[in-house]
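Residue indices begin at 1 and follow the sequence shown. Keep in mind that the numbers below use all heavy atoms, side chains included, and drop hydrogens, waters and symmetry copies.
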Amino acid sequence: MASPSAQRSGLIAGSTIYLASNLVHAAVPFLLLPVLTRALGPAQYGQVAVFQALVGALAVFTVLSVPGAANRKYFDGVDSGEFARFIGSCVLVLAAASALTLLVLLPVLAPLSAWTGLQSDWIVWAVVVAAASGLVNLCLGQWQVRGQAARYGALQVTMGLGLALFALGLVLGLDLGAEGRILAQLLVSLAAAAFGYAVLRRGGMAALAWNPAHWREVLTFGVPLLPHVAGVFLLSAADRMIVQDALGLGAAGIYMVAVQLAMALALASDAFNKAYVPWLYERLQRDSAEEKSRIVRGTYGYFAFALAVAALVAALAPWLVPWLAGDGYGEAARLLGWLALGQAFQGMYLMVTNYIFFSRRTAALSVVTIGSGLVYVTLALVLVRLAGLEGVAIAFAVTMGLRFLLTWAVAQRVHPMPWFALRTAASA
């Protein structure tokens, strides 16, 4: 067994690659933001925001938590041929769920277009992007659980750079406006999905095969998580729908700028978590009291760091927003502190929700997430009328804090850790 210092080095190295690739991938919205906010204006930028929110909503039904089922299956230790067929079944479930979602949407495209302010063909594109993103996440997840951070990072970086080139070419070169930004996302998602799956097949990690037992296993993992995934959508994307409906596409564009800036915190915590999960699962399997105490101490340190970074972002917001987005988006500065606090709570949530996924007892997590999502929507609908955009941001921060605390309580029930026994553990 590797020494603690070697284990820490591996975790840091993996986190660095995930963080760097996530930052490059996520840097695209930041790098494009000063260009697109000025080229599109708040209303068209709001269309882009609503499109991305719609993709998130549709992913609830097209993806069905398939990447999570595949990641968890890897730790069951099945032979490589059987596992490749399981991945093939995951791909078929994704395809079937996406086709069914599209069939349901086709008869209601016109009213959905009128409500969202999006063209009907863009709504169809949203289904395709959601499906392709699910396949990309399936591929990325398989590289993650195998510790292939470099391969994971290469695809992330390529997607980010591709999106930047297509978006600039279509928006500025061809003057396609919001449609150009949306079309760029469609093309890059399709290309990345095709490439990622080809790499899995060539490496013997995926083989399409009809296997009802695998389908049942995938759906048994994913269907109980539907409320959880729906709650995630409510927490992460419903705000743009609420803002667009209450205040218009221009306000949705302003809100989207603040969301994208706050996403820097989410991307950093997600990058760390991607490297942390395999490391954590290995130690939970060993069930060592000493290792559990070290994990808990490190987690508390992470909590303090996340909150400190959120406070720093809030302090810099009045300077940061006008510099990046332009004076037309100055109102976003008032939102950024609240959204950064919410993203800090999201990072803290990730650190405790891993125990629930490890235990496979996800039903309670679904209750927490959908409950939190409903609380968020209710608060946002009330506060958007009372305090405008800032009310929605406050609702986000409050709800994410509530979700973190409830998830922590559930995690302690399904997989107890020495959260309140550090002094005892240290002296043992």
Side-chain angles (χ1 to χ4, degrees), residues 56 59-60 63 65 67-69 71-72 137 141 221-239 262-263 265-281 283-284 292 295-307 309-310 338-380 394-422:
V60 174
V63 180
S65 299
N71 292 352
R72 187 62 186 86
N137 287 331
F221 181 94
V223 171
L225 282 172
L226 272 175
H228 167 71
V229 178
V232 169
F233 161 71
L234 293 176
L235 290 166
S236 63
D239 47 10
M263 281 296 293
L265 275 71
L267 292 163
S269 60
D270 181 66
F272 177 80
N273 195 60
K274 282 182 168 61
Y276 180 65
V277 166
W279 183 91
L280 176 67
Y281 280 10
R283 281 144 189 81
L284 294 182
K292 286 182 177 181
I295 289 169
V296 166
R297 285 194 293 272
T299 303
Y300 280 132
Y302 181 93
F303 290 172
F305 179 75
L307 292 173
V309 171
W338 291 109
L339 294 175
L341 177 60
Q343 292 297 353
F345 285 136
Q346 165 67 8
M348 295 159 69
Y349 156 86
L350 288 176
M351 295 296 285
V352 296
T353 194
N354 291 322
Y355 302 102
I356 301 174
F357 284 107
F358 180 80
S359 70
R360 298 187 182 181
R361 295 169 64 180
T362 56
L365 181 62
S366 293
V367 173
V368 168
T369 307
I370 193 63
S372 300
L374 293 174
V375 168
Y376 178 41
V377 169
T378 303
L379 278 176
I394 292 171
F396 176 75
V398 170
T399 307
M400 295 303 279
L402 174 66
R403 181 198 188 200
F404 158 64
L405 292 174
L406 292 175
T407 303
W408 193 3
V410 172
Q412 180 64 1
R413 181 167 60 84
V414 301
H415 193 97
M417 293 286 287
W419 297 109
F420 308 108
L422 289 180

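Rounded to the nearest 0.5 angstrom, Leu234 CG and Thr369 OG1 are separated by 10.0 Å. Summarising the geometry, atom CG belonging to Leu284 is positioned 6.0 Å from atom CE belonging to Met417; distances are rounded to the nearest 0.5 Å. Taken to the nearest 0.5 Å, the CZ atom of Arg283 stands 12.0 Å off from the CZ atom of Phe358.
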| task | Show your reasoning for whether side-chain contact (heavy atoms from CB on, under 4.5 Å) applies to Val309 and Leu265. | result | CA-CA 8 Å; Val309 171; Leu265 275 71; 4.0 Å; yes
| request: Run the numbers on Leu280 and Met351 for side-chain contact (heavy atoms from CB on, under 4.5 Å), then give the verdict. | output: CA-CA 10 Å; Leu280 176 67; Met351 295 296 285; over 6 Å; no
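In this structure, Phe272 and Leu350 have side chains that are not in contact, with every pair of non-hydrogen atoms separated by 4.5 Å or more. The closest side-chain heavy-atom distance from Leu402 to Val398 is not below 4.5 Å. Between Asn71 and Phe221, the closest side-chain pair of non-hydrogen atoms is not below 4.5 Å. Tyr276 is listed as a side-chain neighbour of Asn354, based on a closest heavy-atom distance under 4.5 Å. Two residues are said to be in side-chain contact when any heavy atoms from C-beta on lie closer than 4.5 Å; Met348 and Leu307 meet this criterion. In this structure, Leu379 and Ile394 have side chains that are not in contact, with every pair of non-hydrogen atoms separated by 4.5 Å or more. You'll find the side chain of Tyr355 stays beyond 4.5 Å of the side chain of Gln412, heavy atoms only.
Relative ring orientation between Trp419 and Trp408 is described as perpendicular, the plane-to-plane angle rising above 60° on a 0-90° scale split at 30° and 60°. Ring geometry for Phe345 versus Phe404: interplanar angle under 30°, hence parallel rather than tilted (30 to 60°). Ring-plane geometry between Tyr300 and Phe303 is classed as perpendicular, the angle between the planes exceeding 60 degrees on a 0 to 90 degree scale with a lower cut at 30.
Not a single donor-acceptor pair under 3.5 Å links the side chain of Thr353 to the backbone N or O of Tyr349. In this structure a side-chain-to-backbone donor-acceptor pair under 3.5 Å is present from Ser359 to Ile356.
In plain terms, the two heavy atoms of Leu341 and Ala397 that are nearest each other are CD2-CB, 4.2 Å. In terms of heavy-atom proximity, Ser372 sits nearest to Thr399 at O-CG2, 3.1 Å. Residues Leu226 and Val60 share a closest heavy-atom pair of CD2-O, 3.3 Å. Nearest heavy-atom pair across Ala262 and Leu339 is CB-CB, 3.7 Å. Shortest non-hydrogen contact noted between Ala306 and Ala344 is O-CB, 3.6 Å. Shown here for Ala364 and Arg413, the closest heavy-atom pair between the two residues is CB-NH2, 3.6 Å.
Geometrically, Arg297 does not engage Tyr302 in a cation-pi contact defined by less than 6.0 Å to the ring centre and at most 45° from the axis.
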